[in-house]
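Working notes, beginning with the structure itself.
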Protein chains: 2
Amino acid sequence: MTTPHRDTDARRRGRPPATNARELELAALRLFSEHGFDDTTVEEIAAVAGVSRRTFFRYFDSKSAALWHQFDGEVQRLRTAFDAVSPHTPLMDAIREVVVGVNHYRAEDVPELRTRMHLISTVPALQTSAGPHYDAWERAVSDFAARRLNQPPDTLYPLAIGRTTLAASRAAFDQWLTTADTDLTTYLDLSLHALANGFDTRTR
Amino acid sequence: MTTPHRDTDARRRGRPPATNARELELAALRLFSEHGFDDTTVEEIAAVAGVSRRTFFRYFDSKSAALWHQFDGEVQRLRTAFDAVSPHTPLMDAIREVVVGVNHYRAEDVPELRTRMHLISTVPALQTSAGPHYDAWERAVSDFAARRLNQPPDTLYPLAIGRTTLAASRAAFDQWLTTADTDLTTYLDLSLHALANGFDTRTR
DNA sequence: CGTCTATTCGGCACTGAGTGCCGAATATTG
DNA sequence: CAATATTCGGCACTCAGTGCCGAATAGACG
């Protein structure tokens, strides 16, 4: 991850930044939607934000990274939510509540979220870039599970719980994308309940 | 996926292929291990196999695709195994048995498998390319679950089952990679049992 | 105000992945 | 031997990503 310029502004010394990650992200999101990911060059994204190609790569490691900016932010919100959860809530319940809680979006943010997730789940070149971002998300869950189970995070159970939690959540996202207007959190809750039930078809 | 030259040989007409996907895969695997993925150029891989750079891209869509050749083959073996499973075996049991069954490897194939999986799970540029390959694997499971549940494959339950099955299997693979010599299938069986139990910590 | 220093920006040059195109090479068919 | 089918190699091109360096622009300090 690039850590170029701290967003927290108390007016620093040198030349002020001409843009920021968020602005570049929005420019990328717009162009990707209009012309497609492959037919958009970094040059064009940078131009929309009013900076040079070189500067784009100071904010993002790759062309696709711009789309993962918000997602990466969710990882941090996940971790803080896990830190705040009651130690008496059973493990899988705690995970479900945290994931669902982090995914409450304001109505005005939903269209952008839909656009981004639609791109991520349809454009092959973007699926291709998902790996490291998903890993970080999974690790947040694995670390929590590891603390609860009193095991190292890279052992079977914590690993499996982190990975399957993301897997179930992604299924919920995909389902949400193809439906008209059911709430995202409804699908997340459903999918994570199913996970905690071992997909027992009798209990549905 | 590139479909360049049918491997099934009954001696066709034109100029005979100078290499094949398997040979290129082995060349890539060796160079990636020795010099690292990033420090290996497609030019070098092609040279080891005795062909030109241009020809490499006739067999694989990308430099990383060479490493996924065997994995992609497993998807087909998964599908045929699912077709052969007894309709009376409960869903999650069937999935576990099929996945475990497909992952029995001959002892002489294990070193190559370890090398490949180690590269896949440690090199960022390779994690980055995993998405589409994982998707195909998941879809094989989702399609089976969909038939069993009598639902379309792109609905919540089949989707979630396909994705979480891969997630649990990958956790088992990772655990197997970090241990010395426990059998892979042992971990797979453990992880998929845990999945079917909803990671109920009381039953362990 | 003038100078120093910190920080970002823009441009240049370079490597390497991936692609389109076309003629050369090499096989079978008749 | 001629026709046809198929793969190969090479060239040229676009674009992502990176290292480097000087220019630009701000605050700090005399």
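Chain letters run A, B, ... following the sequence lines, proteins first and then strands; every chain starts at 1.
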In whole Å, what is the span from the [atom1] atom of [X] to the [atom2] atom of [N]?
{"X": "B/Asn20", "N": "D/dT6", "atom1": "CG", "atom2": "P", "answer": "19 Å"}
{"X": "B/Lys63", "N": "C/dG18", "atom1": "NZ", "atom2": "C1'", "answer": "12 Å"}
{"X": "B/Arg12", "N": "C/dT28", "atom1": "CZ", "atom2": "P", "answer": "11 Å"}
{"X": "A/Phe37", "N": "C/dG18", "atom1": "CZ", "atom2": "P", "answer": "13 Å"}
{"X": "B/Glu23", "N": "D/dC8", "atom1": "CD", "atom2": "P", "answer": "11 Å"}
{"X": "B/Leu31", "N": "C/dG16", "atom1": "CG", "atom2": "P", "answer": "14 Å"}
{"X": "A/Asp39", "N": "D/dC15", "atom1": "CG", "atom2": "C1'", "answer": "12 Å"}
{"X": "B/Ile45", "N": "C/dG16", "atom1": "CD1", "atom2": "P", "answer": "13 Å"}

From [options], nucleotide with atom closest to [X] side chain:
{"X": "B/Phe57", "options": "D/dT6, C/dC9, C/dA17", "value": "C/dA17"}
{"X": "A/Arg54", "options": "D/dG19, D/dC8, C/dG18", "value": "D/dG19"}
{"X": "A/Thr55", "options": "C/dC9, D/dC8, D/dA28", "value": "C/dC9"}

Under 3.5 Å, is there an N or O donor on one side and an acceptor on the other linking the side chain of B/Arg13 and the base of D/dT4?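 Side chain to base: pair present.
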Please evaluate the base of D/dG27 for a donor-acceptor partner in the side chain of A/Arg15 within a cut-off of under 3.5 Å? no
Is the shortest side-chain N to carboxylate O distance from A/Glu25 to A/Lys63 below 4.0 Å? no
Any side-chain N or O of [X] less than 4.0 Å from the OP1 or OP2 oxygen of [N]?
{"X": "A/Tyr59", "N": "C/dC9", "answer": "yes"}
{"X": "A/Thr41", "N": "D/dC15", "answer": "no"}
{"X": "A/Arg58", "N": "C/dG10", "answer": "no"}
{"X": "A/Ser52", "N": "C/dG11", "answer": "no"}

5' priority, DNA chain C, between A/Pro16 and B/Val42 [closest heavy atom]: A/Pro16
Give B/Thr40 one of three labels, base, sugar-phosphate or nothing, depending on what nucleic acid heavy atoms sit under 4.0 Å from its own.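 Sugar-phosphate contact only - B/Thr40 comes under 4.0 Å of backbone atoms but never of a base.
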With side chains defined as the heavy atoms from C-beta onward, is the minimum distance between A/Val85 and A/Ile95 less than 4.5 Å? no
First of B/Gly14 and A/Arg53 reached from the 5' end of DNA chain D, by closest nucleotide: B/Gly14
Between OG1 on residue A/Thr89 and CG on residue A/Leu91, distance to nearest 0.5 Å: 10.5 Å
From B/Ser169 OG over to B/Glu138 CD, what is the distance, rounded to the nearest 0.5 angstrom? 10.0 Å
Taking the ring centre of each residue, are A/Trp137 and A/Tyr134 less than 6.0 Å apart? no
